[in-house]
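In listed order, ligands and their atoms are each counted from 1. These numbers were taken from a predicted model, which means no experiment stands behind them. Here, residue 1 is the first one in the sequence, and each next residue gets the next number.
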Amino acid sequence: MTTAAVVVAAGRGERLAASADGPKALIEVAGRSMVELALTTLRAVPTIHHMIVVHPPDAEAAFRSVVGDATLVAGGDTRGGSVRAGLAALVGEVDVVAIHDAARPLVPPRVVAEVLRAVRGDVIAAAPGLPVTDTLKRVGDHGDVLVTVPRRDLWAVHTPQVVRRDVLEVALALDGADDVTDDLGLVEVVLSTGTVTGRVRLVRGDPRDLKITYPEDLHLAAAIVRGSSP
Ligand code: CTP
Ligand code: MG
């Protein structure tokens, strides 16, 4: 089975207010850019054979100097559009695609390996996740609590999201696919149409696989890197 990793790194980082400093994925966490950190982990997983990095269209040169031998491809206006661009850049025989957010630079190799192992037999897609630990409430205007949501079976989903390539192609052909930020969600829609059968599975992830969204997440990520180095 041949696996390719598509690192989506074409976001602008508006919530990080990154645009002034260039693309979000080139921002450094403890001295290395997010995209480099993610690639280093993915390269440490021996079952990944091809590496594709999806960059903002105007930033190819800056990415070229940090991605080594990964294939570079320009991204779209949305994450879904960038996944589509990454898939179009696959060459040769690839059976499984691991889609990873550059905004999750600290995913441990164990998590990547376990998610990849999960996609076999009737499991056509998998991702890491963790059970939600906070109490959840649906909230209306002015912060008024409407109802408490039972969290017993609720998980937060991380990346890499790993999908069989043939299923991902069907998923990306769905109407509105470019507007969906969750690759597994698209697979669930494909399953509901009955054109494909199979199961979608979450495996236990790791809190270090946090998504850097706001400036404070950068501080947290830097602290994690410092805490885990010898
Ligand atoms: N992404 C992408 N192409 C886009 C939008 C997002 O490749 N057009 C990628 C981001 O680079 C990131 C991942 O999708 O690795 C998750 O997106 P998010 O965390 O929302 O990052 P940004 O879109 O960059 O941030 P913001 O939404 O704050 O602008
Ligand atoms: Mg975004």
Check: How close does the nearest protein non-hydrogen atom get to atom 8 (N) of ligand 1, and which residue and atom is it?
Finding: Gly76 O, 3.0 Å
Check: Step by step, would you call Arg79 with Asp101 a salt bridge (Lys or Arg N to Asp or Glu O under 4.0 Å)?
Finding: CA-CA 9 Å; Arg79 184 184 181 282; Asp101 290 345; 2.9 Å; yes
Item checked: Element-labelled atoms of ligand 1 that are located less than 4.0 Å from some non-hydrogen atom of Ser82 -> 2 (C), 3 (N), 4 (C), 7 (O), 8 (N)
Check: Do you see a protein non-hydrogen atom under 4.0 Å from atom 26 (P) of ligand 1?
Finding: yes
Next item on the list: Please say whether Val54 places an N or O atom under 3.5 Å from an N or O atom belonging to ligand 1.
Entry: no
Checklist line | Atoms in ligand 1 with a heavy atom of Ala103 nearer than 4.0 Å | finding: 12 (C), 15 (O), 19 (O)
Notebook entry, point to check: Among the clusters formed by ILVMFWY side chains lying less than 4.5 Å apart, do Val45 and Val111 turn up in the same one?
Noted result: yes
Check: Side chain of His49, backbone of Thr3: donor and acceptor closer than 3.5 Å?
Finding: yes
Notebook entry, point to check: Is Thr78 touching ligand 1 with its side chain, its backbone, both, or neither, if touching means heavy atoms under 4.0 Å apart?
Noted result: backbone
Notebook entry, point to check: Would you say Gly75 contacts ligand 1, with heavy atoms under 4.0 Å as the rule?
Noted result: no
Notebook entry, point to check: What part of Ala10, side chain from CB on, backbone N/CA/C/O, both or neither, has a heavy atom under 4.0 Å from ligand 1?
Noted result: both
Note to self: Can a donor-acceptor pair be found, under 3.5 Å and without considering hydrogens, that links the side chain of Lys211 to the backbone of Asp217?
What the structure shows: no
Check: What part of Arg12, side chain from CB on, backbone N/CA/C/O, both or neither, has a heavy atom under 4.0 Å from ligand 1?
Finding: backbone
Check: Taking heavy atoms and a distance under 4.0 Å, where does Lys211 meet ligand 1: side chain, backbone, both or neither?
Finding: side chain
Note to self: Can you confirm whether Arg165 is buried at CZ, in the sense that more than 12 heavy atoms of other residues, nucleotides or ligands lie under 6.0 Å from that atom?
What the structure shows: yes
Check: Can you list the atoms of ligand 1 that are under 4.0 Å from a heavy atom of Asp77?
Finding: 8 (N)
Note to self: Using only atom types and a distance under 3.5 Å, with no angle test, would you say the side chain of Arg32 pairs donor to acceptor with the backbone of Val29?
What the structure shows: no
Next item on the list: State, to 0.1 Å, how close Ala102 and Met34 come at their nearest heavy-atom pair, and which atoms those are.
Entry: O-CB, 3.5 Å
Next item on the list: Report yes or no: does a heavy atom of Ala25 sit under 4.0 Å from some atom of ligand 1?
Entry: no
Margin query: Are more than 12 heavy atoms, taken from residues, nucleotides or ligands other than Arg110, located less than 6.0 Å from that residue's CZ atom?
Written below: yes
Note to self: I'd like to check whether Gly11 has a polar contact with ligand 1, where a contact means an N/O of the residue lying under 3.5 Å from an N/O of the ligand.
What the structure shows: yes
